[in-house]
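Notes follow once the structure below has been shown.
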There are 2 protein chains.
Amino acid sequence: MQIKKYTDYGLRTLIYLATLPKGRLATINEICAAYEIPRNHLNKVIHQLGKEGFIITRRGKNGGFQLAAEPAEIRLDHVIRRLEGDTPWVNCHSPVCVIEPACELKHILAAGKRVFYDYLASYTLHSLLHNRNELEQIFSTREL
Amino acid sequence: MQIKKYTDYGLRTLIYLATLPKGRLATINEICAAYEIPRNHLNKVIHQLGKEGFIITRRGKNGGFQLAAEPAEIRLDHVIRRLEGDTPWVNCHSPVCVIEPACELKHILAAGKRVFYDYLASYTLHSLLHNRNELEQIFSTREL
DNA sequence: ATTAAGATGCATTATTAAAGCATGTACTTA
DNA sequence: TAAGTACATGCTTTAATAATGCATCTTAAT
């Protein structure tokens with residue numbers, strides 16, 4: 001019961017982008033360096049962030065990516081749901097559970113999951129920028 | 001983002017026990033047979049269920065285990081929290097995250113986790129017995 | 001053309017859950 | 001009190017999946 005690094009990396013990327021001046025593109029290498037995370041994995045995360053419409057990517061020389069919307073418009077439940085994958089939190093098949101047709105558990109856990117994401121829906125990328133100055137400082141010192 | 005089979009097996013065990021006449025002991029072999037799950041893994045689950053006080057175990061010949069309380073007294077949040085382990089849903093260390101001191105994410109996810117378990121707190125083992133007759137029928141036909 | 005960026009697919013490694021195995025300990029009953 | 005049966009415990013092995021690595025393709029600017 002923990003979000004994947006994959007999802008974590010995606011959120012970190014969005015946080016990084018949100019601290020940049022509007023219109024400025026970041027690159028995968030830049031983010032890797034800032035967080036000291038492996039390029040290959042981040043590569044896939046960035047790709048999905050683009051596919052899902054959270055960022056706008058641009059290929060080719062001088063390419064990169066930027067937020068596709070204002071931080072306050074990017075909801076955490078959306079981001080996490082997409083990156084994490086939206087499968088049930090209990091697996092009643094594989095292997096098959098014999099009481100599955102009579103079992104209430106899946107419904108209760110599904111509702112619990114809904115409650116969790118409903119809560120996250122009250123937060124956006126903007127909510128993660130509370131300490132924006134401190135964040136910017138961390139990133140700037142890392143570029144030395 | 002999915003509960004472990006370990007936790008699942010624990011819940012299934014409690015459901016099974018709840019369908020038995022009061023005072024009747026079940027054995028690990030019995031539960032393995034009912035659900036067709038591996039004895040070795042279930043072994044550990046049962047042990048923890050006992051340690052946590054959800055069931056009362058008795059060793060030796062004619063031993064076995066039974067619920068330690070009424071189904072309505074056994075809360076799902078308690079069971080799942082214990083079996084699943086109660087670690088944060090995001091790992092900010094290992095590897096270290098450079099923005100950790102300035103990052104709000106962990107607090108938001110911790111609150112989301114709380115909301116999830118608070119929701120589960122409104123359900124008990126009794127809530128899982130809605131289709132008790134059907135459950136009993138499934139178990140009885142499996143014993144043939 | 002050349003270069004720099006993301007896109008894509010496949011292979012490998014690392015992590016952790018799941019399962020297996022062997023043996024210990026407690027308790028019942030003949 | 002000996003035998004048998006059930007849970008307890010620790011260690012090992014396997015399986016599943018996330019994470020990472022690598023090679024190459026595509027796109028766009030210069």
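Quick note on labels: first sequence line is chain A, next is B, and so on, each numbered from 1.
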* Tell me whether the OP1 or OP2 atom of dA19(C) has a side-chain N or O from Tyr9(B) closer than 4.0 Å. => yes
* To do: Name all pairs fulfilling the ring-ring contact (aromatic ring centres under 6.0 Å, His included) condition that reach into residues 43-84 of chain B, sequence neighbours left out, sorted by first residue then second.
  => none
What integer distance in Å separates [X]:[atom1] from [N]:[atom2]?
| X | N | atom1 | atom2 | answer |
| --- | --- | --- | --- | --- |
| Lys61(B) | dT25(C) | NZ | C1' | 17 Å |
| Ile56(A) | dA5(C) | CD1 | C1' | 17 Å |
| Arg58(A) | dA7(C) | CZ | P | 13 Å |
| Ile3(B) | dA18(C) | CD1 | C1' | 15 Å |
| Asp8(B) | dA19(C) | CG | P | 11 Å |
| Ile28(B) | dG20(C) | CD1 | P | 14 Å |

* Closest non-hydrogen atom pair, Lys106(A) against Val90(A) ->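 It is CA-CG1, 3.9 Å.
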* Sorted by number, the residues of residues 81-97 of chain A with heavy-atom contact under 4.0 Å to DNA chain D -> none
* **Residues from residues 43-50 of chain B lying under 4.0 Å of DNA chain D - heavy atoms** => Asn43(B), Lys44(B), His47(B)
* To do: Apply side chain to side chain contact (heavy atoms under 4.5 Å, CB included) to Lys61(B) and list each qualifying residue two or more places apart in sequence or on a separate chain.
  =>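 Per chain and number, Lys61(B) pairs via side chain to side chain contact (heavy atoms under 4.5 Å, CB included) with no residue.
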* Asked: Asn62(B) near the nucleic acid: base, sugar-phosphate alone, or nothing, with a heavy-atom cut-off under 4.0 Å?
  ->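 Sugar-phosphate, backbone atoms only, no base.
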* To do: Identify the 5'-most and 3'-most nucleotides of DNA chain D with at least one atom closer than 4.0 Å to a non-hydrogen atom of chain B.
  => dG4(D) to dC11(D)
* To do: Taking ring-ring contact (aromatic ring centres under 6.0 Å, His included) as the test, write out the residues that go with Tyr9(A), two or more places apart.
  => His41(A)
* Between Arg59(A) and Lys4(A), just flag the one whose closest nucleotide in DNA chain D comes earlier from the 5' side. =>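 So the residue in question is Lys4(A).
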